[in-house]
Amino acid sequence: MTALLDALRDQFPVLDQTVHGKRLVYLDNAATVQRPLPVLHAMDTFYRESNANVHRGVHLLSQRATDQFEAARVTISRFINARFSHEIIFTKGCTEAINLVAHSWGGANLRPGDEVLLSHGEHHANIVPWQLIAERTGAVIRPIPLHDSGELDLEALRAMLSDRVKLVGVKHVCNALGTIHPIEEIVRMAKSVGALVLVDGAQSLANVDVDVQALGVDFYSMSGHKAYGPMGVGALYGREELLNAMPPYQGGGDMIRTVSFEKTTFNDLPNKFEPGTPNVAGVIGLAAALDWVAGLDSASIKAHKQSLLDHATEELNRIEGVKIIGTAAQKAPVVSFVTDFAHPHDLGTIFDQHGVAIRAGHHCCMPLMKRFGVPGTARASFAVYNTNQDIIVLIEALRAAREIFA
Amino acid sequence: MTALLDALRDQFPVLDQTVHGKRLVYLDNAATVQRPLPVLHAMDTFYRESNANVHRGVHLLSQRATDQFEAARVTISRFINARFSHEIIFTKGCTEAINLVAHSWGGANLRPGDEVLLSHGEHHANIVPWQLIAERTGAVIRPIPLHDSGELDLEALRAMLSDRVKLVGVKHVCNALGTIHPIEEIVRMAKSVGALVLVDGAQSLANVDVDVQALGVDFYSMSGHKAYGPMGVGALYGREELLNAMPPYQGGGDMIRTVSFEKTTFNDLPNKFEPGTPNVAGVIGLAAALDWVAGLDSASIKAHKQSLLDHATEELNRIEGVKIIGTAAQKAPVVSFVTDFAHPHDLGTIFDQHGVAIRAGHHCCMPLMKRFGVPGTARASFAVYNTNQDIIVLIEALRAAREIFA
Amino acid sequence: MNLNELYQEVILDHGRKPRNFRLLPMATHTAEGHNPLCGDQIHLMLSVRNGTIEEATFDGCGCAISTASASLMTEAIKGQKVEDAEVLFRQFQEAIVANGDTEPLGVLECLIGVKEYPTRVKCATLAWHALRAALESEEKSATISTETGEVIPHA
Amino acid sequence: MNLNELYQEVILDHGRKPRNFRLLPMATHTAEGHNPLCGDQIHLMLSVRNGTIEEATFDGCGCAISTASASLMTEAIKGQKVEDAEVLFRQFQEAIVANGDTEPLGVLECLIGVKEYPTRVKCATLAWHALRAALESEEKSATISTETGEVIPHA
Ligand SMILES: Cc1ncc(COP(=O)(O)O)c(C=O)c1O
Ligand SMILES: Cc1ncc(COP(=O)(O)O)c(C=O)c1O
């Protein structure tokens, strides 16, 4: 494992630096993960060799760009086992993907009194778009309670289901606590009342296997930069029939069939939802990232991440005054904690001086923080390139903070 | 000039290649312009040294990323002389910037019977979003006629103005014909009836000086990849008072002040309109591109581009059966033409075999094509790195096409 | 392959002077074909009786390749049984995407050279997709797009 | 600068046991301060009479820096004239962004070390922005945000 890990870390030049005179220990992977060299190369090569606008050109560069762009769509559709590549809509990120669904599907289908159920732990990206559309349509948003472990209260969900419920939204992997939610079961329950299921998969591609057909989800939103890919690119998976029936979201070039001031007709999938010049380099970078992930030995990577999580959990539990928030049985390698001696923000500053990059705050999950009665947490989140040594430094930094405050 | 040009071309590795065994002559700059090395380096360096999510981190990388991101906002606001940097909203492109205005401003302000006037020559990106919002609000969209030269019929515009008109939308530089529209005059006329003016500046940053305060525009949309910057990033300029009064567009992280299932409050500018993880590397690349443009000797670059336009116009006018569409007095370096011997699409293929990349088709301006009674045009568009030799090859290719067809 | 092989005399001829380029008021089946990326459009009209395509005409506007393709196609299918036209559609479709050799297609063979020009394959197949749309559609008219080849029956 | 200089004893003390940390039912001016990026919130309450700040209290939740800053600030302004508090606001604000030396600020000086920690400056200034908002607002209450420092009077 060590040799493998060393080779892996070599792919991430950003890790090879010191901050405040200390070795960088990057544990902010749930905010954004670093990109390996093949991703940087793929984008750079595109700009140096094939850069052109897609879809509309008869010249070679444009054809090359279009071919690479559409090949990336196929890569992503295979990675999550979508039925058709045109079920993948490229967006600028996970947030936009959810806004697309809320606006287009929600705007066309929600009626006054209809209900959208969202887990109490959702990221603001899967709450606010629904609040905006609820205001317009008169639909009602209801939070699905969580257990103290951070797991979804499935009994409560069952009790909330009725034929007023039109959509259930839940994240696959919780960015704040790490909880992996039982999507298949949630889908089964939602289907029993005919509700659609949108899964916020922002944290998924780097952490769990995703098979949208096996999961049975209707919509699945993704983020490139959380999956070893570049910033500024994400994707929405939607079932073909649903996407076909939905009105366009944004208007512009490429998403139309014909435009006139009298009447405009729209293009087919996926173009209908992709107006304007897409982030071609970004999409190519994302495909390179997924190819890179697919090339790793998935079993040993999983074991490695689990051992990091176990190690960190154990060490944190040892320190007096530290409380881990989120103790689900199924977790991604994320530990969120509070202490009785320091505010998470102060911990963040002290850790930073030790070279340790963590996140402190509400992690864009204010309702979740409120649910656990904390203003925020300190969160360490791990990626393939993290090591046990990283955890040792984290714990040292935490002990140093305790020295200062306690 | 030649030495200057050679040095300039060295900054664009993509130009140094052959296609179909011929030197690449890239004349598809209005679709997307190539990126100089400093832009590629800026993005690559970000990913290798500072990559982190912005705004929410207490650690050094996040602070560095945030500083660079906000510095880029200042660069862009200075480039177009905005009053405040928070009047710049980053988007994924020009198309999204216009959608933001149509949806947020239009959705909140347009009433049944209100009018939005758009030039007959607008890009689909500045037509379709308005059609979508018109359908929802009952507003009416009316095309402003064009003269045969491609210039806006200002008399006709004057006659159309009334207090029903709430917004006038026009592009600064026409991507299809090259026409530079007299924005100051249009703004004066629109203001006389209290209408706002949205200028589609997709083609501007690379081609004309932009001073949003001097122009007096209310909204100005921009595209990174048409200004020597990367794909997947663009910006909207909006006057502070207007942006402050507008409701949010997309919902998500960073655009909120507080979120709860009962009530969500929104953040201040610019964050209110920037939910989710932005394209940090892209924004940094765009700033690098504008710095690069600002570092060029603008007078000699202007003269060079004008001479390319004059040269191409003259040569094309010499060939029998060729007709240039778009003969405005003020033009960016774009020539659009049709022939009586070959369809634009066929010209595109033949040119490509000569190494010449042009665009053939409707250029996302179907109503404009219809106005000129053509199904599409062949369009050659020039950037700083093009040369007279490029035009000679273009003309040779056109003569070859004539051989085949005539 | 050089340009002369793409723009063979027969293509140039049909591009310049398309056959069956007229309206067919008595059409029993029609379809619109659009290439949204370049704006090419063709309107295909068929008169089918007792399983035979008695007349096939088109109008619209497009490049030399799409015009020649529509012109040659209408010539080829006129007088044919619907099933035979469907077979021809499939053969043509296969030939234009295949790497190796396929069934010989007679005069239509000249269109197959376009496969060396990936950006132009859609021009050559536009009329053919319209043919399939017109024949398959339950309705009297249909619209197809080169982007998916999917049939959208008119409301 | 090392961490001990940031987390001086006086900051730790005021962070742990904030002074004037209570509701002020008789408040004449109040303001909410939010740091939307980390979720820190303080609620500042003033009782102003005849141009003098007779009482200043706060509640809410935040880190050691923002809590200590609010605690120290309320101590510093209690009993001061409104104009003097405004001068203090400006001096503090200048000191915390300045590169060189500025006016000595007495006990408040301990907060100025935070300028070496750019991500934390907003924590130290949150209470102060709330002070300005409370004093400037025509209304009885206002909300400010660290992102722009702009005052949003309540509807
Ligand atoms: C005039 C004009 N407006 C809008 C756009 C759309 O810009 P983008 O595709 O970068 O969103 C373009 C580019 O295609 C354009 O030329
Ligand atoms: C669970 C979850 N959902 C949504 C998002 C938003 O993703 P993005 O910022 O890439 O749009 C994030 C990332 O912050 C996340 O962790």
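All of these numbers come straight from a predicted model, not from anything done at the bench. Convention: sequence-line order gives letters A, B, ...; per-chain numbering from 1.
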Inset, instruction - Start with the C-alpha distance between Arg359(B) and His59(A), add both sets of side-chain angles, then the distance that settles side chain to side chain contact (heavy atoms under 4.5 Å, CB included), and finish with yes or no. - result: CA-CA 8 Å; Arg359(B) 186 119 315 205; His59(A) 57 83; 3.8 Å; yes

I'd like to verify something: which residue of [options] has the highest number of heavy-atom pairs under 4.5 Å with chain A?
options	answer
His363(B), Lys226(B), Arg136(B), Met255(B)	Arg136(B)
Leu118(B), Val280(B), Leu60(B)	Leu60(B)
Ile127(B), Thr264(B), Asn126(B), Thr277(B)	Thr277(B)

Please classify the contact between [X] and chain B as side chain, backbone, both or neither, with a heavy-atom cut-off of under 4.5 Å.
X	result
Ile358(A)	backbone
Phe351(A)	neither
Pro278(A)	backbone
Asn51(A)	both
Gln34(A)	both
Pro247(A)	neither
Ser62(A)	side chain
Arg64(A)	side chain

Legend entry - Residues Gln63(A), Asp352(B); criterion side chain to side chain contact (heavy atoms under 4.5 Å, CB included); working and verdict: CA-CA 11 Å; Gln63(A) 181 61 31; Asp352(B) 181 45; over 6 Å; no

As an exercise: rank [options] by heavy-atom pairs under 4.5 Å with chain B and give me the winner.
options	value
Tyr249(A), Tyr26(A), Trp130(A), Phe266(A)	Tyr249(A)
His20(A), Lys370(A), His123(A), His225(A)	His225(A)
Pro143(A), Ala281(A), Gly253(A)	Pro143(A)

Legend entry - CA sep, side-chain torsions, deciding dist, call: Leu61(A), Asp28(B), side chain to side chain contact (heavy atoms under 4.5 Å, CB included): CA-CA 10 Å; Leu61(A) 257 54; Asp28(B) 195 15; over 6 Å; no

Legend entry - Validation row: Leu132(A), Pro248(B) side chains within 4.5 angstrom (heavy atoms):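 Yes, side chains in contact.
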
Legend entry - Test item: Asn279(A) and Lys92(B) side chains (from C-beta on) under 4.5 Å apart, heavy atoms: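 A side-chain contact is absent here, since even the closest heavy-atom pair is not under 4.5 Å.
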
Legend entry - Inter-residue atom distance Ile256(A).CD1 - His362(B).NE2, 0.5 Å rounding: 5.0 Å

Legend entry - Inter-chain contacts: residues 93-102 of chain A against chain B, heavy atoms under 4.5 Å: Thr95(A), Glu96(A), Asn99(A)

Tell me the closest heavy-atom pair linking [X] and [Y], and the distance in Å.
X	Y	answer
Val128(B)	Val259(A)	CG2-CG2, 4.0 Å
Arg257(B)	Met366(A)	O-CE, 3.1 Å
Glu49(B)	Gln17(A)	O-NE2, 2.9 Å
Pro129(B)	Gly251(A)	CG-O, 3.4 Å
Thr32(B)	Asn53(A)	CG2-N, 3.4 Å

Inset, instruction - Give, as side chain, backbone, both or neither, the part of Leu15(B) having an atom under 4.5 angstrom from any heavy atom of chain A. - result: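 The answer is neither part of Leu15(B).
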
Inset, instruction - Please state whether the side chain, the backbone, both or neither of Phe12(B) comes within less than 4.5 Å of a heavy atom of chain A. - result: neither

Using residues 40-47 of chain A as the side-chain source, report each donor-acceptor pair under 3.5 Å to any protein atom, sequence neighbours left out, with the distance given to one decimal.
residue	atom	partner	partner atom	Å
Asp44(A)	OD2	Arg48(A)	NE	2.7
Thr45(A)	OG1	His41(A)	O	2.6
Tyr47(A)	OH	Met231(B)	N	3.0

Inset, instruction - Take the angle between the ring planes of His120(A) and Phe261(B) and call it parallel below 30°, perpendicular above 60°, tilted in between. - result: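 The arrangement is perpendicular - the two ring planes meet at more than 60°.
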
